[in-house]
Amino acid sequence: MKNSISRRTFLKAATGAAAISAAAPVAAEVHPPGWRGSTRVQQIATNCEMCIWRCGVMAEVADGKLLKLQGNAHHPLTKGKLCARGNAGVALLNDPDRLKYPQIRTGERGEGKFKRVSWDEALDFFANKLQDLKKKYGPEGVALFPHGVHSGFFSTLMKAYGTPNSAEPAYAQCKGPRDVAYLLTFGRPVNSPEPVDLEESKCIVLIGSHIGENVFTSQVAAFSDGLAKGAKLIVVDPRFSTAASKAHYWLPIKPGTDTALLLAWMNVIITEKLYDKEYLDQYAIGFKELEAHVQQYTPEWAESITEIPAAKIRETAHLMADCRPAVALHPGRHVTWYGNDTQRGRAMAILTALLGAYGRKGGIFLPTKIPQGKIPLPPMPESERSRADRVGSVYPLASEEAQGLTQGLIETTLTGNPYPIKAWVVYGQNIFESIPLPQKTHQAIKNLEFMAVVDVLPMEQTRYADIVLPEATYLERYDPPAVVTTAKRPFISVRQPAVAPMYESKPGWWIAKQMAKRLKLEDYFPWTDPQDHLRRLIAPMKLSETELMSLGAVAFDGKPYIEDRTENDGPLFPTQSGKIELLSSVLKDLNLDALPKYEAVEPPPAGMFRFIYGRAPVHSFSRSENNAWLDDIMPENPVWLNSEVAAQLGMHDGQKVVLENQDGVKSSVITLKTTPGIRKDVVFGVHGFGAQSSSLKKAFQHGFSDNALMSRIAVDPLTGGTGMRVNFVRIHAEKG
């Protein structure tokens with residue numbers, strides 16, 4: 001729907017003047033601008049947090065109450081589109097199970113027994129505990145488990161406190177190996193959102209990337225636009241996903257063999273001289289070594305490994321070559337599969353380079369820097385001890401930006417090696433569903449002297465906390481602005497409160513600032529309020545603060561393609577050599593494989609299936625399962641099983657079953673979904689269900705937890721990423 005709000009009207013709305021509703025008026029009833037009947041309506045721009053993508057939202061508010069949410073037409077990426085989850089933010093705001101006031105534990109860990117306390121009492125208690133822990137163990141004795149852009153304030157607090165131990169699942173459990181692979185090849189990570197030029201592509205290649213199910217509205221729209229313009233689509237996936245249903249080629253690959261397919265594609269493109277020679281001659285090094293390396297990886301060799309016919313491998317390689325350089329080989333996002341994931345990412349990056357698609361229209365475009373303000377802070381204290389989760393020699397390419405590895409912090413808490421971690425601060429992260437080996441997480445918590453949780457909902461982890469602090473929802477708070485450089489037109493978007501915080505919840509910035517005061521760390525929060533914070537950050541952009549708050553997002557001119565760049569924009573490829581490194585100089589210097597090799601993964605034992613997992617378009621991991629609107633659409637996650645296999649097992653669609661993994665861990669009772677659209681050696685479930693907190697009345701024990709079945713991992717030796725598709729299950733019919 002076209003938004004009818006003018007820029008001038010938006011500017012008036014920011015100062016309390018009337019604003020026109022973006023919804024088209026009913027023909028029989030004409031409302032004055034800014035009014036609906038006798039109700040005055042404000043439109044407040046913000047960005048969403050029902051998932052990680054921060055799409056543009058326009059909140060309609062009357063008398064301080066949220067009426068509805070809709071897409072913000074001024075947002076340069078999402079352009080007025082909003083998915084089901086985004087619309088359901090209303091139900092999150094009004095969720096009756098929300099954390100409403102600070103609580104201190106009175107019962108045993110896990111019992112969920114707490115007493116209500118005031119904010120002053122809660123923050124004093126929290127601050128005193130942190131001060132006592134620092135005296136006993138040093139600041140390293142506390143670990144932070146944050147997640148999301150809003151965690152920035154708490155990350156600053158804990159760095160100022162002195163702990164080096166902080167870890168998000170976004171690195172080790174999601175995209176870390178991918179970003180390192182592209183950094184090694186092109187000199188920069190992929191970052192978010194992925195700069196894939198889908199709408200201009202002539203050939204889109206998806207390898208385990210579930211566009212249409214992992215809904216990011218702008219990426220889905222660009223994907224649809226690309227297909228509408230005639231782009232060919234190749235989908236590599238053991239499951240007939242939504243994207244596969246649109247594909248010209250669906251390649252139901254044997255899980256764990258993706259690198260073999262990529263090497264075979266390289267073999268065809270190089271041996272038949274289908275690569276972009278001019279591009280490689282100008283921008284790349286290491287081609288001769290790569291050419292010799294891939295001679296062994298023929299399509300016939302790959303056929304027996306991947307179970308994709310050699311003829312199909314050649315045919316799809318030719319299609320990509322015919323479309324170059326406008327080939328969008330999506331780098332993926334959740335890539336931690338088998339423990340060899342950095343080298344698989346390297347293979348994807350190298351193939352992109354062979355096609356001349358990096359920095360080219362229809363391929364992967366370049367980020368554009370925009371000026372960003374910084375708030376000067378005192379130097380952060382340096383820990384006298386090394387990071388608890390790793391030493392550089394263990395995971396030599398683990399990114400410093402990642403701050404740490406979640407599983408490393410848990411292991412250190414369990415073992416006390418190299419020093420004891422005795423307290424956790426969990427902020428916006430569901431540690432029982434985002435980190436594999438949940439059995440270890442439970443064990444590690446038993447070793448803690450203190451645990452604090454800041455959250456919006458009473459997730460399972462709150463039941464183990466000593467103190468629980470209720471954060472305001474994203475619709476009730478200010479968070480740091482999103483500065484997005486990986487868009488064709490880079491932009492800044494703002495999150496601001498649409499309504500006042502409900503109950504006794506408080507925004508994260510306020511909690512962090514209050515804690516800093518109690519810990520005598522005020523110098524690390526030198527701004528007075530959110531307006532002052534934002535004003536300092538946007539100062540170099542020469543933006544009107546009023547305009548940004550009114551429109552919600554402001555874009556700048558971009559330079560997405562190589563031909564747009566000048567010397568003033570810095571190096572095209574900021575690698576050690578200044579070139580695309582087909583053969584990695586960093587890996588060579590470390591005496592590691594400088595070119596990717598195929599490494600076989602363990603096959604499923606007899607009678608068992610490889611367990612894989614993914615997304616659904618109406619849910620965001622475990623964060624949305626308790627949402628009344630979304631629960632009505634999808635209350636549980638069935639397990640997919642091949643129809644022929646089901647018949648052989650005497651099972652049928654809709655039957656109740658239990659999964660049991662290789663270590664004897666059993667799932668809850670779940671519903672079987674039989675389909676021809678999945679390989680016979682695989683079962684699939686949607687991630688994020690099976691909540692074990694009885695305080696979540698909608699989500700409690702709905703569906704099954706895929707993470708509960710992940711009792712083993714394969715750790716990537718380069719980055720520390722946790723490969724989680726190494727678990728196997730058998731299926732039992734539920735008795736009775």
Side-chain angles (χ1 to χ4, degrees), residues 175-190 205 207-209 236 251 253-271 275 280 284-299 301-303 305-306 308 313 316-317 320 327 329-332 335-355 357-358 364 395-398 573 575-577 579-601 714-721 723 725-726:
K175 58 187 178 66
R178 173 204 76 176
D179 281 350
V180 170
Y182 280 68
L183 180 67
L184 290 169
T185 310
F186 300 112
R188 59 176 64 88
V190 177
V205 184
I207 299 180
S209 185
V236 181
L251 306 181
I253 194 167
K254 183 177 181 180
T257 66
D258 307 82
T259 304
L261 173 63
L262 289 160
L263 290 166
W265 274 339
M266 289 186 219
N267 173 282
V268 174
I269 288 169
I270 289 176
T271 58
Y275 51 88
L280 294 175
I285 61 169
F287 178 77
K288 288 184 179 179
E289 293 88 344
L290 177 66
E291 182 179 29
H293 178 70
V294 300
Q295 291 304 307
Q296 59 189 308
Y297 300 123
T298 65
W301 165 84
E303 177 176 355
I305 294 170
T306 64
I308 297 171
I313 295 174
T316 47
M320 285 185 271
V327 181
L329 177 55
H330 199 296
V335 302
T336 47
W337 298 349
Y338 303 107
N340 55 7
D341 307 300
T342 304
Q343 290 290 20
R344 185 182 70 252
R346 276 272 294 146
M348 295 173 72
I350 291 168
L351 179 58
T352 296
L354 289 176
L355 296 166
Y358 190 86
I364 291 180
Y395 305 116
L397 300 180
F573 307 105
T575 57
Q576 286 188 6
S577 63
K579 300 270 191 176
I580 297 171
E581 296 198 353
L582 306 177
L583 182 143
S584 168
S585 59
V586 172
L587 292 175
K588 184 178 180 181
D589 290 346
L590 292 170
N591 292 318
L592 299 169
D593 290 331
L595 291 166
K597 298 177 180 177
Y598 170 67
E599 298 177 8
V601 300
V715 181
D716 188 302
L718 300 180
T719 62
R725 296 187 177 180
V726 295

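Note that the numbering runs from 1 along the sequence shown for the chain. For clarity, every value in this text was computed on a predicted model and none was experimentally measured.
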Sub-3.5 Å donor-acceptor pair from the side chain of Arg346 to the main-chain atoms of Ala594, do we have one? yes
Between Val601 and Gly256, the two heavy atoms sitting closest are CG2-CA, 3.8 Å
What is the ring orientation for Tyr297 with His293, classed by angle as parallel under 30°, tilted 30 to 60°, or perpendicular over 60°? perpendicular
Is a side-chain donor or acceptor of Thr257 paired with a backbone partner of Lys254 at a separation under 3.5 angstrom? yes
Should Ile253 and Asp258 be marked as a side chain to side chain contact (heavy atoms under 4.5 Å, CB included) after you check the CA-CA gap, both sets of side-chain angles, and the distance that decides it? CA-CA 7 Å; Ile253 194 167; Asp258 307 82; 4.0 Å; yes
Counting only N and O atoms by type, is there a donor-acceptor contact under 3.5 Å from the side chain of Asp341 to the main-chain atoms of Gly339? yes
Within the 4.5 Å heavy-atom criterion, are Val327 and Leu351 side-chain neighbours or not? no
Residue pair Tyr338 / Ala714: nearest heavy atoms and the distance that separates them: O-CB, 3.4 Å
Side-chain touch Pro331/Ile364, heavy atoms, less than 4.5 angstrom: yes
Quick one: does any side-chain atom of Ser584 pair with a main-chain N or O of Leu587 as donor and acceptor, under 3.5 Å? yes
Donor-acceptor under 3.5 Å (Gln343 side chain, Asp593 main chain): yes
So Tyr598 and Trp301, would you call those rings parallel, tilted or perpendicular, with 30° and 60° as cut-offs? perpendicular
Correct closest heavy-atom pair for Ile207 and Leu262 would be CD1-CD2, 3.7 Å
Could you walk me through whether Leu354 and Leu290 pass the side chain to side chain contact (heavy atoms under 4.5 Å, CB included) check? CA-CA 10 Å; Leu354 289 176; Leu290 177 66; 3.9 Å; yes
